[in-house]
Amino acid sequence: MIPRYSLPEMASLFTDESRFATWLEVEILATEGWAQLGVVPAEEARLVRERAPVVDTALVRAIDEREAVTDHDVAAFVDVVQEQIGPPSGKWVHYGLTSSDVVDTAWCATLTRAADVLLGALDGLIVVLKERAGEFASTPVVGRTHGIHAEPTTFGSKLALWCLQADRDRTRLRAARATIAVGKLSGAVGTYSNIDPSVEASVCAALGLEPVPATQVIARDRHAEYLYACASIGATLELIATEIRHLQRTEVGEASEAFKVGQKGSSAMPHKRNPIKSE
């Protein structure tokens, strides 16, 4: 992510440290799931969590260095984590799993958390747009067709339409969040040949995800739906920003004047040819 354009609460979800920390949590939860079945000794599972390394810059560097040897990110991650936990407990990390069990489940958990951040922001935007739509319900502005003056409308109407569009975006994102809030720990090609379904169930429950049937990977139509919801939100914000930018241009001046008129509580409609003249 580009730091200049990233809010801290969102950017923090997509750092290498966060990525590996989520991978590690999946691995630990899987080990604990095996312990519930009696496959992994309970004491060993306890030590795996207790001795799990802190995911910091040093650990990321160690994983990157190991990846230069393994040429595989998950293999490098597992090697480093197992070494830092130490034998014999460390050998249980990644037991019965395939790489996508960890990567896809962790990625869906991250996207779910990111959706929660976006939904919180959308909630705030919708509240503001609704309040401002009421405030400017009678404030006149020019209506335009292809940029040409048409029938007059109100600034409140513009805000209300933006509010409705943002609300539709919120509905789409909520649906996309539900679609992406899934996980799979079903082993190579999703056959459960080396892992018990109860391990998948316990890991997903701990992460707030729903276990789903899968092949080697979680189906990517889920990610496509999520990306469309995000793109739609971006398009709405671009629409609002572009219109406000146009209305505040020196030769137009409607944004500032609409605000002034709205503050005065005027409901008078503007003149047809020169609706709101800048001071």
Side-chain angles (χ1 to χ4, degrees), residues 1-19 21-22 103-137 139 141 143-147 153-183 204 207-210 212 217-249 252 254-256 258-259 262:
M1 300 183 74
I2 301 173
R4 186 172 62 225
Y5 302 122
S6 304
L7 296 177
E9 58 269 32
M10 182 63 77
S12 66
L13 294 173
F14 295 95
T15 63
D16 286 337
E17 288 80 3
S18 180
R19 174 165 60 98
T22 309
V103 174
D104 278 20
T105 300
W107 184 231
C108 286
T110 297
L111 292 178
T112 301
R113 294 162 186 167
D116 290 337
V117 174
L118 288 175
L119 284 168
L122 267 178
D123 288 343
L125 175 63
I126 290 167
V127 167
V128 170
L129 288 172
K130 183 177 180 179
E131 290 177 350
R132 300 295 266 178
E135 181 180 349
F136 294 104
T139 302
V141 295
R144 289 180 172 81
T145 301
H146 300 293
T153 182
T154 68
F155 193 54
S157 177
K158 288 178 180 287
L159 289 160
L161 290 173
W162 295 341
C163 182
L164 290 170
Q165 185 166 332
D167 188 50
R168 293 193 297 275
D169 285 332
R170 180 170 60 180
T171 298
R172 279 186 283 267
L173 184 57
R174 284 172 174 167
R177 184 199 183 281
T179 299
I180 206 67
V182 297
C204 287
L207 295 171
L209 306 177
E210 183 73 20
V212 292
V217 300
I218 291 173
R220 290 337 193 204
D221 65 294
R222 297 177 181 275
H223 303 74
E225 180 180 341
Y226 186 95
L227 286 174
Y228 171 72
C230 292
S232 182
I233 294 168
T236 296
L237 296 177
E238 189 272 341
L239 170 72
I240 295 172
T242 299
E243 180 67 3
I244 293 297
R245 185 184 185 201
H246 166 70
L247 294 178
Q248 69 180 9
R249 291 170 59 173
V252 178
E254 288 183 26
S256 58
F259 180 76

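Because only heavy atoms are used, hydrogens play no part in the values below, and waters and symmetry mates are left out as well, while side chains stay in. Because the structure is predicted, anything quoted here is derived from the model rather than measured. FYI, the numbering just counts along the sequence from 1.
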Q: Kindly indicate whether the side chain of Glu243, heavy atoms from C-beta on, has any atom under 4.5 Å from the side chain of Ile240.
A: no

Run the side-chain contact (heavy atoms from CB on, under 4.5 Å) test on Val252 and Gln248 for me, step by step, so that the C-alpha distance in whole Å, both residues' side-chain angles and the decisive distance to 0.1 Å come before the verdict. CA-CA 6 Å; Val252 178; Gln248 69 180 9; over 6 Å; no

Checklist line | Ser18 backbone acceptor or donor facing Thr22 side chain under 3.5 Å | finding: yes

Q.
Pair Val212, Arg222 - check side-chain contact (heavy atoms from CB on, under 4.5 Å), show working.
A. CA-CA 11 Å; Val212 292; Arg222 297 177 181 275; 3.6 Å; yes

Here the pair of heavy atoms bringing Ala166 nearest to Leu125 is CB-CD2, 4.3 Å

query: Where do Trp162 and Ile244 land on the side-chain contact (heavy atoms from CB on, under 4.5 Å) test, with the steps shown first?
result: CA-CA 12 Å; Trp162 295 341; Ile244 293 297; 3.8 Å; yes

Residues Arg177 and Ala115: closest non-hydrogen pair is CG-CB, 3.8 Å

| said: Side chains of Leu129 and Lys158, heavy atoms from C-beta outward: is any pair under 4.5 Å? | reply: no

Non-hydrogen side-chain atoms of Trp107 and Arg19 separated by less than 4.5 Å | no

Task: Backbone N/O of Leu122 and side chain of Arg170: donor-acceptor pair under 3.5 Å - done: no

**Message:** Under 4.0 Å between a side-chain nitrogen and a carboxylate oxygen: does that hold for Asp116 and Arg113?
**Reply:** no

Rounding to 0.5 Å, atoms CG (Leu173) and CZ (Arg168) come to a distance of 15.0 Å

Worksheet item: So, Ser232 and Arg172: side-chain donor and acceptor under 3.5 Å apart, yes or no?
Response: yes

Residues Gly183 and Ile218: closest non-hydrogen pair is CA-CD1, 3.9 Å

The reported gap from CG in Asp169 to CG in Leu164 (rounded to nearest 0.5 angstrom) is 11.0 Å

Compare all side-chain heavy atoms of Asp167 with those of Lys130 and state whether any distance is below 4.5 angstrom. no

Here the gap from Thr179 atom OG1 to Asp221 atom CG, rounded to the nearest 0.5 Å, amounts to 8.0 Å

**Message:** Closer than 3.5 angstrom, by distance alone: can the side chain of Asp104 be matched with the main-chain N or O of Val217 as a donor-acceptor pair?
**Reply:** no

### Query
Does a side-chain N-to-carboxylate-O contact under 4.0 Å join Arg144 and Glu254?
yes

Hey, is Glu135 close enough to Arg132 for a salt bridge, meaning N to O under 4.0 Å?
yes

Identify all side-chain donor-acceptor contacts of residues 4-14 below 3.5 Å with residues at least two apart in sequence or on another chain.
{"residue": "Ser6", "atom": "OG", "partner": "Ile2", "partner atom": "O", "Å": "2.6"}
{"residue": "Ser12", "atom": "OG", "partner": "Pro8", "partner atom": "O", "Å": "3.2"}
{"residue": "Ser12", "atom": "OG", "partner": "Glu9", "partner atom": "O", "Å": "3.2"}

Say whether, by atom type as modelled, one donor and one acceptor occur between the side chain of Tyr226 and the main chain of Ile180 under 3.5 angstrom.
no

